[in-house]
Amino acid sequence: MPAFLPIDLEPLPTEHPDRAAASRPDAGIFSGVHDEPVTSARNDAELAREYISHGELSPKSIANLQKELYRFLTWCREEAKKTFQQMNVADLNAYKEFIRNPPPEWVCTTKWPRNDPRYRPFSGPLSDTSRRQSMIAIKGLLAFAEHTGYLRRNPARLVRNVRAPHAGRITRYLTPAALAYALAAAEARDADSEAAARQRARDRFLLIAFAQTGARLNEIVSARMGSIYSEGDGRWWLDVLGKGNKPRRLPVPPATLAAYRDYRRAFGLLEQTSRGDHMPLVLSSRTRDHVRVTDEAASEALKAIFQQAAGEAAARGDGDSASMLRQASPHWLRHSMLTNHANSGVQLKTLQDTAGHANIATTAGYLHKTDKERHDEILGSDGKGIL
């Protein structure tokens with residue numbers, strides 16, 4: 001059984017000398033060699049920690065990098081039984097295949113904290129897209145190791161990237177019918193205790209907010225109560241911090257505002273607060289303390305709604321909606337909002353600014369007819385009798 005031991009991958013303090021690539025006289029693995037390393041890392045884990053500290057990353061990016069590097073460091077120790085200096089191209093290709101379908105002892109569907117003995121690095125097989133991102137993180141780490149002199153040669157240079165399928169248009173979105181099932185499921189939840197009532201109101205707010213603002217999961221979870229506000233002209237806004245720590249201001253529709261007020265009342269708060277309120281926007285329903293939920297907890301709450309809604313859709317004979325909902329993740333709500341507006345005539349530049357896309361071509365991927373509309377339009381045209 002592999003040992004999933006804690007590894008300190010927290011970013012180094014700002015004043016730490018390695019953040020400025022300073023070296024000590026006794027540092028590095030090539031002492032006595034003319035090209036002295038510019039790192040004081042004494043082992044692979046220390047180098048990984050230094051690498052995480054090297055860039056100006058958002059908390060979300062740091063957490064993702066820590067996850068990927070923990071997996072790789074643990075695999076090096078437990079499976080390959082090699083250090084970075086001993087790695088070769090074949091080893092890295094073996095890891096690339098290992099994460100495609102990790103062994104059962106590496107997998108747990110419950111996301112325990114990394115210091116919990118029940119923690120496992122994977123929740124299941126990785127898609128090609130996830131494998132690609134994982135290998136990008138590892139190749140970045142080994143390139144850093146080479147640049148600092150920790151490695152003399154970098155075998156990752158010879159490892160090909162995972163080819164991930166690229167969809168020209170966005171297909172992972174929920175139709176209005178599927179969204180209606182999800183909203184009905186959220187509203188039909190039992191509220192036989194104060195905690196259950198708080199959870200129902202909070203999850204309903206999350207569902208509506210994601211579906212109507214197009215925000216990313218982390219953007220709403222990391223926001224503050226004061227991030228929803230009006231400037232006195234009847235227009236309501238949600239301030240979020242997007243990728244690259246870029247701020248965006250999202251329009252808040254009336255239904256989202258009403259759900260926000262219902263949610264606050266369920267937690268014993270006033271309907272509205274000031275822009276200076278730093279209380280977390282998304283609160284845990286398990287305690288009266290104002291504790292922010294994690295991205296994972298918010299995601300699981302919405303997935304539970306989707307699964308309940310899928311059951312109701314199936315019971316009503318709506319197989320299409322049931323299939324969508326069974327596969328859906330919270331990010332589908334963002335796709336749903338952007339797809340709906342793109343196909344309702346909203347200008348792509350407006351949607352680009354709202355979505356926070358760096359390239360308008362990304363936004364254009366939402367501009368398409370549904371498959372059913374395309375099917376009916378083709379079969380209903382004059383060209384249907386071509387044969």
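With a 4.5 Å cut-off on side-chain heavy atoms, Asp239 and Leu250 do not count as touching. Side chains of Ile220 and Thr213 form a contact here, defined as non-hydrogen atoms less than 4.5 Å apart. Using a 4.5 Å heavy-atom threshold, the side chains of Arg114 and Gln66 count as touching. Using a 4.5 Å cut-off on side-chain heavy atoms (C-beta onward), Phe98 and Pro103 make contact. Considering only heavy atoms from C-beta on, Leu65 comes within 4.5 Å of Tyr51 through its side chain.
Here the OG1-CG distance, from Thr339 to Leu174, works out to 10.0 Å after rounding to the nearest 0.5 Å. Note that the CZ atom of Arg49 and the CG atom of Leu69 stand 13.5 Å from one another [nearest 0.5 Å]. To the nearest 0.5 angstrom, Arg264 atom CZ is 9.0 Å from Leu281 atom CG. With rounding to the nearest 0.5 Å, the separation of CG in Asn43 from CD in Gln85 is 9.5 Å.
Taking the six-membered ring for Trp and the full ring otherwise, the centers of Phe72 and Phe84 sit less than 6.0 Å from each other. Between Tyr119 and Phe4, the distance from one ring center to the other does not fall under 6.0 angstrom. The aromatic ring centres of Tyr260 and Trp236 sit 6.0 Å or more apart. The ring of Tyr173 has its center no closer than 6.0 angstrom to the ring center of Trp332.
At distances below 3.5 Å, at least one donor-acceptor pair connects side-chain atoms of Arg132 with backbone N or O atoms of Val162. No side-chain donor-acceptor contact under 3.5 Å links Gln327 to the backbone of Ala322. The main-chain N or O of Ala3 is found under 3.5 Å from a side-chain atom of Arg77 such that the two form a donor-acceptor pair. At least one donor-acceptor pair under 3.5 Å links the side chain of Asp91 to the backbone N or O of Asn88. Side chain of Lys96 to backbone of Arg160: a donor-acceptor contact under 3.5 angstrom is found. A donor-acceptor contact shorter than 3.5 Å links the side chain of Arg292 to the backbone of Val221. In this structure, the side chain of Ser130 does not engage the main chain of Leu126 through any donor-acceptor pair within 3.5 Å.
Taking the ring axis of Tyr263 as reference, the NZ or CZ atom of Arg202 does not stay both within 45° of it and closer than 6.0 Å to the ring centre. Stacking of Arg334 on the aromatic ring of Phe210 is not recorded, the 6.0 Å distance cut-off and the 45° axial limit not both being met. Arg249 forms a cation-pi arrangement with Trp237, by the criterion of a distance under 6.0 Å to the ring centre and an angle within 45° of the ring axis.
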Test side-chain contact (heavy atoms from CB on, under 4.5 Å) applied to Leu92 and Leu142, step by step = CA-CA 11 Å; Leu92 294 174; Leu142 296 181; 3.9 Å; yes
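Salt bridge status for Arg157 with Glu146: present, with a side-chain N to carboxylate O gap under 4.0 Å. A salt bridge is defined here as a Lys NZ or Arg NE, NH1 or NH2 lying under 4.0 Å from an Asp or Glu carboxylate O, and Arg120 with Glu105 fails to meet this definition. The pair Arg224-Asp277 fails the salt-bridge criterion, with no side-chain N (NZ, NE, NH1 or NH2) lying under 4.0 Å from an Asp/Glu carboxylate O.
The aromatic rings of His331 and His335 stand perpendicular to each other, their planes meeting at an angle above 60°, with 30° marking the opposite boundary. Under the 30°/60° scheme for interplanar angles, the aromatic rings of Phe122 and Trp106 are found to be tilted.
The nearest pair of heavy atoms linking Ser53 to Leu12 is OG-N, 2.6 Å.
Surrounding NZ of Lys139 are more than 12 heavy atoms belonging to other residues, nucleotides or ligands, all under 6.0 Å away. Counted within 6.0 Å of CD on Glu271, heavy atoms from surrounding residues, nucleotides or ligands total more than 12; the atom is thus considered enclosed.
Residue pairs satisfying the side chain to side chain donor-acceptor pair (under 3.5 Å) criterion with at least one member in residues 296-313, sequence neighbours excluded, are listed as follows: Glu312-Arg316.
Residues passing the side chain to side chain contact (heavy atoms under 4.5 Å, CB included) test with Ser193 are Ala195, Ala196, sequence neighbours excluded.
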